[in-house]
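Please read through the structure below; I'll follow up with questions.
Since we're looking at a predicted model, the values are computed, not measured.
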Amino acid sequence: MMPTTNLQTEFYLNPVLEKNDTFKFETLTVDFSNKNRVTEKLCTRNVQIMYLGKIKHLFYFDVFTSKVTFTSNQSIANERLLKEDMYAFGDILLGVNDKGEIMKVHNLKEMQKRWEETKSELRKDHVGFEFEDFLSDITEVLEDEEKTVYFLNTNAMFRLYFHGLFGKNDVQKTPIKRKSILLDFDDTEITEEIRMDSRELKIIISAQKSDDEHKSIISDNDKIKKYEGELAYRKDNQLQEGFIEIENENMNIKYSVLWVS
């Protein structure tokens, strides 16, 4: 991403097109629904993002996940399956519009073929209804490009990088408001409020709150207690780091991204 400033009134973002960057994406989930046994699970993905060129109105990027790791304060059930879930979306050719939103998956057929081969291998060592449900969930997403694009645009995947804020943003007209569906919180819908800090080269993200004294986050079907995030850029025009943290009564999830090289 490439930020520039113009008398501190504009925050202009363009995709970085000349570099092959490596990022560390993390999802830290803290489940405190059982107060006597709080569980923490961290998923880390090393991801390379490389610009390939522009075709018509879309910018194309190769997004390759080189490594996936899981750590937890409890034993991790089916760790191999969890990794295969990530690797099913681990080598993608993405078409991105000028706002930085993922619009197309150019190599979906190849991804579907790889997943069919992976399923055959996994069935050699796994059986059962729960296992088949796991396979079906991924297959259902990959069979439909719209569902695949939707999933890739979530916080758990690549929304911290392809966040839809490319182009000119008027600092004086913020906050920008847009709807956001929280996939890991039962598809709860909230309204994001996005503010640009052109002096610090940051984007500040929060959720719309009620006007009463409680100042509660407005959502449609779940009590979201916390929704906040930040995207920070270096002066050399590189996305440096970012996060979104969400919490309800039972769980806290922090999605983060960090530039590595």
Review point. Can we say Glu193 and Arg178 salt-bridge, meaning some charged N sits less than 4.0 Å from an Asp/Glu carboxylate O?
Key: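 Salt bridge between Glu193 and Arg178, a charged N being under 4.0 Å from a carboxylate O: no.
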Exercise for review: Without swapping roles, check the side chain of Asn73 against the backbone of Glu40 for a donor-acceptor pair under 3.5 Å.
Suggested key: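 Checking the backbone N and O of Glu40 against the side chain of Asn73, a donor-acceptor pair under 3.5 Å is found.
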Point to revise | Value rounded to 0.5 Å, distance of CG in Leu108 from CD1 in Ile92 | key: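 The CD1 atom of Ile92 is 10.0 Å from CG of Leu108, to the nearest 0.5 Å.
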Check your understanding: Apart from Phe243 itself, which Ile, Leu, Val, Met, Phe, Trp or Tyr residues share its cluster (side-chain heavy atoms under 4.5 Å, direct or through members)?
Key ->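 Its cluster mates, by chain and number: none.
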Practice item. Using atom types as modelled and distance alone, determine if a side-chain donor or acceptor of Gln112 lies under 3.5 Å from a backbone N or O of Leu142. Key: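 It does hold such a pair.
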Practice item. Considering only NZ, NE, NH1 and NH2 on the basic side and carboxylate oxygens on the acidic side, decide whether Glu249 and Lys225 come within less than 4.0 Å. Key: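 A salt bridge is absent here (no side-chain N lies under 4.0 Å from a carboxylate O).
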Check your understanding: When rounded to the nearest 0.5 angstrom, what is the spacing between CG in Leu258 and CG in Leu239?
Key ->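 One finds 9.0 Å between CG of Leu258 and CG of Leu239.
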Point to revise | Exam field: side chain Ser219 to backbone Glu189, donor-acceptor pair closer than 3.5 Å | key: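 Answer holds: no.
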Review point. Going by an N to O cut-off under 4.0 Å, is there a salt bridge joining Asp31 and Lys41?
Key: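 No.
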Check your understanding: Is it true that Tyr255 and Phe25 have ring centroids separated by less than 6.0 Å?
Key ->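 Between Tyr255 and Phe25, the centre distance exceeds or equals 6.0 Å.
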Check your understanding: Glu245 and Asn252: side-chain donor and acceptor closer than 3.5 Å?
Key ->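 Short answer, yes.
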Exercise for review: Can you establish whether the number of heavy atoms outside His106 located under 6.0 Å from its atom NE2 is more than 12?
Suggested key: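 No, NE2 of His106 has 12 or fewer neighbouring heavy atoms, counting only those of other groups under 6.0 Å.
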Review point. Taking only residues two or more places apart in sequence, or in another chain, which ones meet Phe151 in a ring pair (Phe, Tyr, Trp, His ring centres under 6.0 Å)?
Key: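 Applying ring pair (Phe, Tyr, Trp, His ring centres under 6.0 Å) to Phe151 gives Phe89.
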Review point. Do the non-hydrogen side-chain atoms of Leu231 and Leu160 ever get within less than 4.5 Å of each other?
Key: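 Leu231 reaches Leu160 side chain to side chain.
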Review point. Under 3.5 Å, is there a donor-acceptor pair linking the side chains of Thr188 and Asp186?
Key: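 Looking only at side-chain atoms, Asp186 and Thr188 do not form any donor-acceptor pair under 3.5 Å.
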Review point. Cluster question for you: counting only ILVMFWY and a side-chain heavy-atom cut-off of under 4.5 Å, with indirect links fine, are Leu201 and Ile176 together?
Key: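 Result: yes, single cluster for both.
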Point to revise | Electrostatic pair Lys83:Glu79 at N-O distance under 4.0 angstrom | key: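 Looking at Lys83 and Glu79, the cut-off is met.
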Check your understanding: What's the verdict on side-chain contact (heavy atoms from CB on, under 4.5 Å) for Glu140 and Asp144, showing C-alpha distance, side-chain angles and the deciding distance?
Key -> CA-CA 7 Å; Glu140 182 180 352; Asp144 186 322; over 6 Å; no
Practice item. Evaluate whether atom CD of Glu130 has more than 12 neighbouring non-hydrogen atoms of other residues, nucleotides or ligands under 6.0 angstrom away. Key: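 No, not enclosed.
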Exercise for review: Report yes or no: do Ile194 and Ile181 belong to one cluster of Ile/Leu/Val/Met/Phe/Trp/Tyr joined by side chain heavy-atom distances under 4.5 Å?
Suggested key: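 Yes, one cluster joins them.
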Check your understanding: Just by distance, with hydrogens left out, do Thr191 and Lys177 show a side-chain donor and acceptor under 3.5 Å apart?
Key ->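 No, Lys177 and Thr191 have no side-chain donor paired with an acceptor closer than 3.5 Å.
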**Study point:** Exercise: identify the closest heavy-atom pair between Trp115 and Ala88
**Key:**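 That closest heavy-atom pairing would be CE3-CB, 3.9 Å.
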**Study point:** N-O pairing of Glu116 and Lys119 below 4.0 Å
**Key:**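 Yes, this pair counts.
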Review point. Side chain of Asn107, backbone of Asp91: donor and acceptor closer than 3.5 Å?
Key: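 Looks like yes, one N/O pair under 3.5 Å.
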Review point. Any side-chain heavy atom of Ile190 within less than 4.5 Å of one from Ile218?
Key: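 Not touching, per the 4.5 Å side-chain cut-off.
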Point to revise | Thr65 side chain vs Lys67 backbone, donor-acceptor pair below 3.5 Å | key: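 No; zero donor-acceptor contacts below 3.5 Å.
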Review point. Do Arg45's NZ or CZ and the ring of Tyr87 fall within the cation-pi criteria of under 6.0 Å and 45°?
Key: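 Not satisfied by the 6.0 Å and 45° rule.
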**Study point:** Cluster check Leu81, Leu135: I/L/V/M/F/W/Y, side chain < 4.5 angstrom
**Key:**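 Yes.
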Check your understanding: If you draw a 6.0 Å radius around CE in Met103, do more than 12 non-hydrogen atoms from other residues or ligands fall strictly inside?
Key ->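 No, the 6.0 Å shell around CE holds no more than 12 heavy atoms from other groups.
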Check your understanding: Parallel, tilted or perpendicular: which fits the ring planes of His126 and Phe131, with parallel below 30° and perpendicular above 60°?
Key ->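 Parallel: the ring planes of His126 and Phe131 meet at under 30°.
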Check your understanding: Does any N or O in the side chain of Asp62 come within less than 3.5 Å of the main-chain N or O of Leu93, such that one atom is a donor and the other an acceptor?
Key ->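 It does not hold such a pair.
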Review point. Does Val63 share a hydrophobic cluster with Ile138, counting links as ILVMFWY side-chain heavy atoms below 4.5 Å and allowing steps through other members?
Key: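 Yes: a chain of side-chain contacts under 4.5 Å links Val63 to Ile138.
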Point to revise | NZ (Lys56) with more than 12 external heavy atoms under 6.0 Å | key: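 For Lys56, atom NZ is not crowded (no more than 12 foreign heavy atoms under 6.0 Å).
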Review point. Do Glu228 and Glu247 have side-chain heavy atoms sitting under 4.5 Å apart?
Key: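 Contact flag for Glu228/Glu247 side chains = no.
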Point to revise | Side-chain touch Glu241/Val257, heavy atoms, less than 4.5 angstrom | key: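 Answer no - side chains too far apart.
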